[in-house]
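These numbers come from a predicted model, not from an experiment.
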Amino acid sequence: MLRLDRYLSNATALTRSQAHKALRSGRVSVDGKIIKQGAFQIAQDAKVFLDGQPVVAPCSRYLMLHKPLGVVCAAEDTTHRTAIDLPNPQGLHFAGRLDLDVTGLVLISDDGQWSHRITSPSKQCSKTYLATLASAISESTLERIRKGILLRGERCPTAPAQAGRLDDTLVRLTITEGRYHQVKRLFAAVDNRVISLHRESIGELRLDADLAPGCYRALSVDEIDLFN
């Protein structure tokens with residue numbers, strides 16, 4: 001469902017205020033009925049008309065980005081280089097950001113509901129990272145992380161995680177929460193430090209191995225449907 005005023009401003013040259021004026025004037029119909037409320041929720045298959053002409057919203061965009069080191073997940077930033085330079089970036093947002101010093105998979109869309117299914121804590125969408133640590137980590141320490149750890153400043157321990165040691169200082173970690181700097185804080189809580197961090201996957205979607213750092217591509221229909 002989408003607000004009618006937002007639909008009109010996305011699909012036409014009308015600003016949001018102009019869309020409200022058109023609505024109040026009775027110029028807009030949805031499925032044959034005149035609608036004057038901008039907050040009216042329209043279904044995906046609704047037939048919207050403005051001045052008797054059909055209004056068709058542009059198709060939503062869904063992108064995969066291989067975020068490189070040293071860039072921020074933002075459309076604009078006065079201090080750091082931004083992760084994307086897209087044509088017509090209006091309406092696009094990051095479905096889960098990565099810190100300046102973290103690389104890997106980032107998803108970008110203009111579909112708020114789709115992004116919500118990725119980022120909402122209630123959805124428990126998993127994220128998998130490769131973490132290179134400053135010092136060797138033991139299996140018993142990883143078991144503590146798997147069970148959940150009470151981080152400094154938090155009231156509840158972290159949710160159970162999957163953690164596997166690939167070598168003494170390289171760990172693959174899968175979490176279902178998105179707490180502030182969670183991966184770095186988890187290892188800090190067991191007296192270690194993350195040297196580098198790379199996100200491999202979100203849910204069942206893995207970063208395309210052929211996608212170079214700083215590059216992006218459109219998602220396939222099957223990839224989009226992983227979060228529907």
Side-chain angles (χ1 to χ4, degrees), residues 1-67 71-100 105-123 125 127 178 180 202-203 205 208 211 214-228:
M1 303 290 281
L2 182 68
R3 284 177 60 106
L4 180 54
D5 55 358
R6 182 177 177 184
Y7 181 93
L8 290 170
S9 62
N10 287 347
T12 71
L14 297 178
T15 64
R16 189 71 68 89
S17 61
Q18 289 171 335
H20 286 170
K21 186 175 180 180
L23 286 161
R24 290 194 300 270
S25 301
R27 296 165 53 197
V28 180
S29 67
V30 178
D31 294 332
K33 296 181 180 180
I34 298 296
I35 303 295
K36 296 188 176 184
Q37 297 78 34
F40 182 83
Q41 300 286 319
I42 62 171
Q44 189 173 5
D45 58 350
K47 294 178 174 58
V48 180
F49 285 77
L50 172 65
D51 296 329
Q53 299 298 316
V55 177
V56 180
C59 294
S60 293
R61 290 181 287 172
Y62 306 88
L63 305 172
M64 168 190 294
L65 166 72
H66 186 167
K67 179 191 170 300
V71 300
V72 294
C73 291
E76 296 180 359
D77 191 280
T78 57
T79 305
H80 303 288
R81 187 162 58 96
T82 58
I84 54 171
D85 181 17
L86 295 171
N88 188 27
Q90 185 175 1
L92 288 172
H93 57 264
F94 294 90
R97 300 170 184 268
L98 290 178
D99 293 338
L100 183 71
L105 175 61
V106 175
L107 299 178
I108 304 167
S109 183
D110 53 6
D111 184 341
Q113 293 187 28
W114 184 81
S115 299
H116 177 75
R117 290 191 284 273
I118 296 169
T119 59
S120 173
S122 65
K123 303 299 181 182
C125 181
K127 285 87 176 176
Y180 180 71
I202 299 174
L205 179 61
D208 191 330
L211 199 60
C215 294
Y216 64 89
R217 68 163 174 82
L219 297 184
S220 68
V221 173
D222 286 343
E223 289 171 331
I224 295 166
D225 286 345
L226 290 174
F227 304 101
N228 285 334

Looking at [X] and [Y], what are the two nearest heavy atoms and their distance?
{"X": "Arg3", "Y": "Gln41", "answer": "CG-NE2, 3.3 Å"}
{"X": "Phe94", "Y": "Val106", "answer": "CD2-CG1, 3.4 Å"}
{"X": "Leu50", "Y": "Ala22", "answer": "CD1-CB, 4.1 Å"}

Measure the CG-CD1 distance between Asp31 and Ile42 for me, rounded to the nearest 0.5 Å.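 Going from CG on Asp31 over to CD1 on Ile42, the span is 9.0 Å.
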
Within this structure, what is the CG-CG distance for the pair Asp111 and Leu92, rounded to the nearest 0.5 Å?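 Spacing of CG (Asp111) from CG (Leu92) equals 11.0 Å.
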
Using the ring pair (Phe, Tyr, Trp, His ring centres under 6.0 Å) criterion, which residues pair with Tyr62? Sequence neighbours excluded.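 For Tyr62, the residues satisfying ring pair (Phe, Tyr, Trp, His ring centres under 6.0 Å) (neighbours in sequence not counted) are Trp114.
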
What residues form a ring pair (Phe, Tyr, Trp, His ring centres under 6.0 Å) with His20, not counting sequence neighbours?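 Once residues adjacent in sequence are excluded, His20 has no partner under the ring pair (Phe, Tyr, Trp, His ring centres under 6.0 Å) criterion.
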
Counting only N and O atoms by type, is there a donor-acceptor contact under 3.5 Å from the side chain of [X] to the main-chain atoms of [Y]?
{"X": "Lys127", "Y": "Cys125", "answer": "yes"}
{"X": "Ser109", "Y": "Arg61", "answer": "yes"}
{"X": "His66", "Y": "Cys215", "answer": "no"}
{"X": "Lys67", "Y": "Asp99", "answer": "yes"}
{"X": "Asp51", "Y": "Gln53", "answer": "no"}
{"X": "Asp5", "Y": "Arg16", "answer": "no"}
{"X": "Ser220", "Y": "Glu223", "answer": "yes"}

Sub-4.5 Å side-chain heavy-atom contact between [X] and [Y]:
{"X": "Leu205", "Y": "Phe227", "result": "yes"}
{"X": "Leu8", "Y": "Val28", "result": "yes"}
{"X": "Leu63", "Y": "Arg217", "result": "no"}
{"X": "Ser29", "Y": "Ile34", "result": "yes"}
{"X": "Lys21", "Y": "Leu23", "result": "no"}

For a side-chain contact (heavy atoms from CB on, under 4.5 Å) check, start with the C-alpha distance between Leu107 and Leu65, then their side-chain angles and the critical distance, and finish with the verdict. CA-CA 6 Å; Leu107 299 178; Leu65 166 72; over 6 Å; no

Would Val55 and Thr12 count as a side-chain contact (heavy atoms from CB on, under 4.5 Å) if you check the C-alpha gap in whole Å, the side-chain angles of each, and the deciding distance to 0.1 Å? CA-CA 7 Å; Val55 177; Thr12 71; 3.7 Å; yes

Pair Met64-Leu211, side-chain contact (heavy atoms from CB on, under 4.5 Å): steps then yes or no: CA-CA 9 Å; Met64 168 190 294; Leu211 199 60; 3.9 Å; yes

Checking Ile108 against Tyr216 for the side-chain contact (heavy atoms from CB on, under 4.5 Å) test, could you report, in this order, the C-alpha distance in whole Å, the side-chain angles of both residues, the deciding distance, and whether it holds? CA-CA 9 Å; Ile108 304 167; Tyr216 64 89; 5.6 Å; no

Would you tell me whether Ser115 and His93 have side-chain atoms, one donor and one acceptor, within less than 3.5 Å of each other?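 There is such a pair (donor and acceptor under 3.5 Å, judged by atom type) between the side chains of Ser115 and His93.
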
